[in-house]
Protein chains: 2
Amino acid sequence: MDNAPEEPAATPDRPAGEDPAPGEQPTKPRRRQARGERRIEQLLEAAGVVFSHTGYTAASTNAIAREAGVSPGTLYQFFPNKEAIAVELGDRLLHRWRDSQGQALRDEHATLPLPEMLDAVLDPLISFNFENPAFGVLMHGPDTPGRITREIESVHTAVLHRIEELMSGYLPDAPEAEVARTANMTLALFKAGLDLIQTHEGAEREAYIQELKTAMFRYLDPLIGDRAAPAGSSRDHLESTP
Amino acid sequence: MDNAPEEPAATPDRPAGEDPAPGEQPTKPRRRQARGERRIEQLLEAAGVVFSHTGYTAASTNAIAREAGVSPGTLYQFFPNKEAIAVELGDRLLHRWRDSQGQALRDEHATLPLPEMLDAVLDPLISFNFENPAFGVLMHGPDTPGRITREIESVHTAVLHRIEELMSGYLPDAPEAEVARTANMTLALFKAGLDLIQTHEGAEREAYIQELKTAMFRYLDPLIGDRAAPAGSSRDHLESTP
DNA sequence: GACGAATGCGAGTGGTGACTCGCGTTTGCC
DNA sequence: GGCAAACGCGAGTCACCACTCGCATTCGTC
C-alpha cells in the first residue's frame with residue numbers, strides 16, 4: 001500500500017552510545033573502545049559523502065563501507081541497518097545545526113543595524129552548510145527515512161519561530177500571519193542563495209554571498225524602515241501609506 | 001569507481017514514436033494504436049506521481065504500473081526500461097517548460113512596468129510548476145539519470161540567458177558578470193518562492209504568491225533606474241533616481 | 001468473421017544490495 | 001602473557017525489484 005521509506009519497527013541497538021543512565025531498560029549498552037568510536041566517526045563521515053552524492057536510497061551500504069575504507073561487515077558492527085546510519089547522521093547534523101542556529105540568531109543581533117545583522121546571522125549559517133554538505137541533501141531528499149523527516153520538520157518550525165520572534169521585535173504591530181509569512185520567505189530566500197553559493201567557487205562564491213545579503217537587505221529593509229502599515233507590505237507591490 | 005546512475009548504453013527502442021522518417025535506420029518503428037498512445041500517457045502521468053513522491057531510485061516500476069492501473073508487463077510493452085520512462089517524462093516536461101518559459105519571457109513583457117511584468121512572467125511559470133509537480137523533483141533529485149541531468153542543465157542555462165537578455169534591456173550598462181549574477185539570483189528567488197507556494201494551500205498560497213512578487217519587486221526595483229517607472233513605483237522602498 | 005498485430009497480463013527469473021556468519025586479530029585488563 | 005570482549009573481515013544468504021515470457025484478449029482491416 002505504501003512504498004515510501006518508513007522506519008521498520010523499533011530501535012534495535014543504540015549505535016553510538018551516550019552513557020547508559022543507570023535507571024534505563026537493560027538495552028545491552030554495548031561497550032565500545034576508542035577505536036570503535038573512531039570507526040563510527042569515519043563511517044558517518046563516509047555516509048555523509050555518499051548520501052550527499054547520490055541521495056539516501058541510491059546509496060549502498062557497501063559504498064559507504066568502501067568510502068570509509070572498511071568491510072561491509074565492520075559497518076554492521078556499529079549500525080544495525082542502513083536507516084540507522086542515516087538517522088544517526090541526521091541527528092548529529094541536526095544537533096550541530098541547532099548550535100549554529102542558536103549562535104546565529106542571538107538576541108544581541110536583533111539590535112544591530114540591518115546590514116551588520118545580516119553579516120552576523122548569515123555568515124555562520126553559510127559556513128555551517130558549507131562544512132556539512134550532507135545537511136541540505138538529507139533535508140530535502142524526497143526519499144529519506146520518515147524519522148528524520150519528522151525531526152527535520154520540528155527543527156524547521158523551531159527556526160521559523162525564532163525568526164518570527166526576532167522579527168516581531170522589529171515589527172511590533174504586524175499581524176502574526178504576516179510575520180510568519182515573512183519569516184518563511186526569509187528562510188526560503190536564504191536557502192535559495194545558499195544553493196547558488198554552494199554551486200559556485202572562489203570569487204564567484206564571494207560575490208553570491210554578497211548578492212544574497214543584498215537581496216535579503218532589499219527584502220527586509222522596507223519592513224523595518226518606518227512602522228509600515230500592515231496593509232501595505234503584502235497586499236500589492238506599491239500601495240503604501242504616504 | 002563511480003556508482004552514480006548513468007545511462008547504460010544506447011537507445012534500445014523508441015518509446016513514444018514520432019513518424020519514422022523514411023531515410024532512417026531500420027530501428028523497428030513499432031506501430032502503435034490509439035489505445036497504446038493513451039496507455040503511454042497514463043504511464044507517464046503515473047510515473048510523474050510516483051517520482052515526485054519518492055524520487056527516481058526509490059520509485060519501483062511495479063509502483064508506477066500499479067499507479068497507472070496496469071500490469072508490470074504492460075509497462076514494458078511501451079518502455080524498454082525504467083530509465084526510459086524517466087527520460088521520456090523528462091523530455092516532455094522540459095518541452096512543456098520551454099513553451100511556458102517562452103510564453104512567460106516574451107519581449108513585450110520587458111516593456112511593462114515592473115509590477116505588471118512580474119505578474120505577466122511569474123503567473124504562467126507558477127501555474128506550470130503547479131500542473132507538473134514532477135518537474136521540480138526530477139530537476140533537483142540527486143539521483144536522476146545523467147541524460148536528464150544534462151538536458152536540464154542546457155535548459156537551465158537557456159533560461160538564464162533569456163533572463164539576462166531581458167535584464168540587459170533594463171540595465172544597458174551593467175557589467176555582464178553582474179547581470180548574470182542578478183539573473184541567477186532572480187531565478188533562485190523564484191524557485192524558493194515556488195517551494196513555499198507549493199507547500200501551502202488556499203488563501204495561504206495566494207498570500208505566498210503575492211509575497212514572492214513583493215520580494216522580487218524589492219530585489220529588482222532598485223536596479224532599474226528610471227526606465228518604465230510608473231506613478232512612484234520605486235519611491236517608497238529605497239533610494240531612487242531623482 | 002477471420003487473420004495478424006498490438007495490447008494486456010502476472011507468474012517467473014536474474015542480479016543487485018542489505019544484511020549475517022564464522023572465524024581470525026587487536027585491545028583492555030589482571 | 002593470558003583471557004574475554006570488541007573489532008575486523010568478506011564470502012555467503014535472502015528479499016526485493018527490474019525486467020521477460022508465454023499466452024489470452026482486443027483492434028484494425030479485408
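Keep in mind that the numbers below use all heavy atoms, side chains included, and drop hydrogens, waters and symmetry copies. Proteins come first, then strands; the chains are lettered A, B, ... in the order of their sequence lines, and each starts at number 1.
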Side chain of T74(A), base of dG8(D): donor and acceptor closer than 3.5 Å?
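It does not, because no donor-acceptor pair links the side chain of T74(A) to the base of dG8(D) below 3.5 Å.
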
How long is the line joining [atom1] of [X] and [atom2] of [N], in whole Å?
X      : N       : atom1 : atom2 : result
Q77(A) : dT25(C) : CD    : C1'   : 12 Å
I85(A) : dG17(C) : CD1   : P     : 15 Å
N62(B) : dT20(D) : CG    : P     : 13 Å
F78(A) : dC19(C) : CZ    : P     : 17 Å
R31(A) : dT27(C) : CZ    : P     : 15 Å
L75(A) : dG17(C) : CG    : P     : 15 Å
F79(A) : dG17(C) : CZ    : P     : 21 Å
E37(A) : dA5(D)  : CD    : P     : 19 Å

Are R38(A) and E41(A) close enough for a salt bridge, meaning some N to O gap below 4.0 Å?
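Between E41(A) and R38(A) there is no salt bridge, as every charged N stays at least 4.0 Å from the carboxylate O atoms.
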
Angle class for the F128(A)/F135(A) ring planes (parallel below 30°, perpendicular above 60°, tilted otherwise)?
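F128(A) vs F135(A) ring planes: perpendicular.
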
Heavy-atom closest pair, residues G36(B) and F78(B):
CA-CE2, 3.7 Å

Answer yes or no: does a side-chain N or O of [X] lie under 4.0 Å from OP1 or OP2 of [N]?
X      : N       : answer
Y76(B) : dT20(D) : no
T61(B) : dA18(D) : yes
R35(A) : dA6(D)  : no
R32(A) : dA6(D)  : no

Select from K82(B) and Q33(B) the residue whose nearest nucleotide in DNA chain D is closer to the 5' end of that strand.
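Going by which nucleotide is closer to the 5' end, it is K82(B).
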
Which is more 5' along DNA chain C, the nucleotide nearest G36(B) or the one nearest G73(B)? Just name the residue.
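Nearer the 5' end of the strand: G36(B).
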
Evaluate whether atom CD of E108(B) has more than 12 neighbouring non-hydrogen atoms of other residues, nucleotides or ligands under 6.0 angstrom away.
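Counting neighbours around CD of E108(B), more than 12 heavy atoms of other residues, nucleotides or ligands fall under 6.0 Å, so yes.
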
Counting N and O atoms only, with roles assigned by atom type, does the side chain of Q198(B) sit under 3.5 Å from a partner on the main chain of N129(B), one being a donor and the other an acceptor?
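Yes.
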
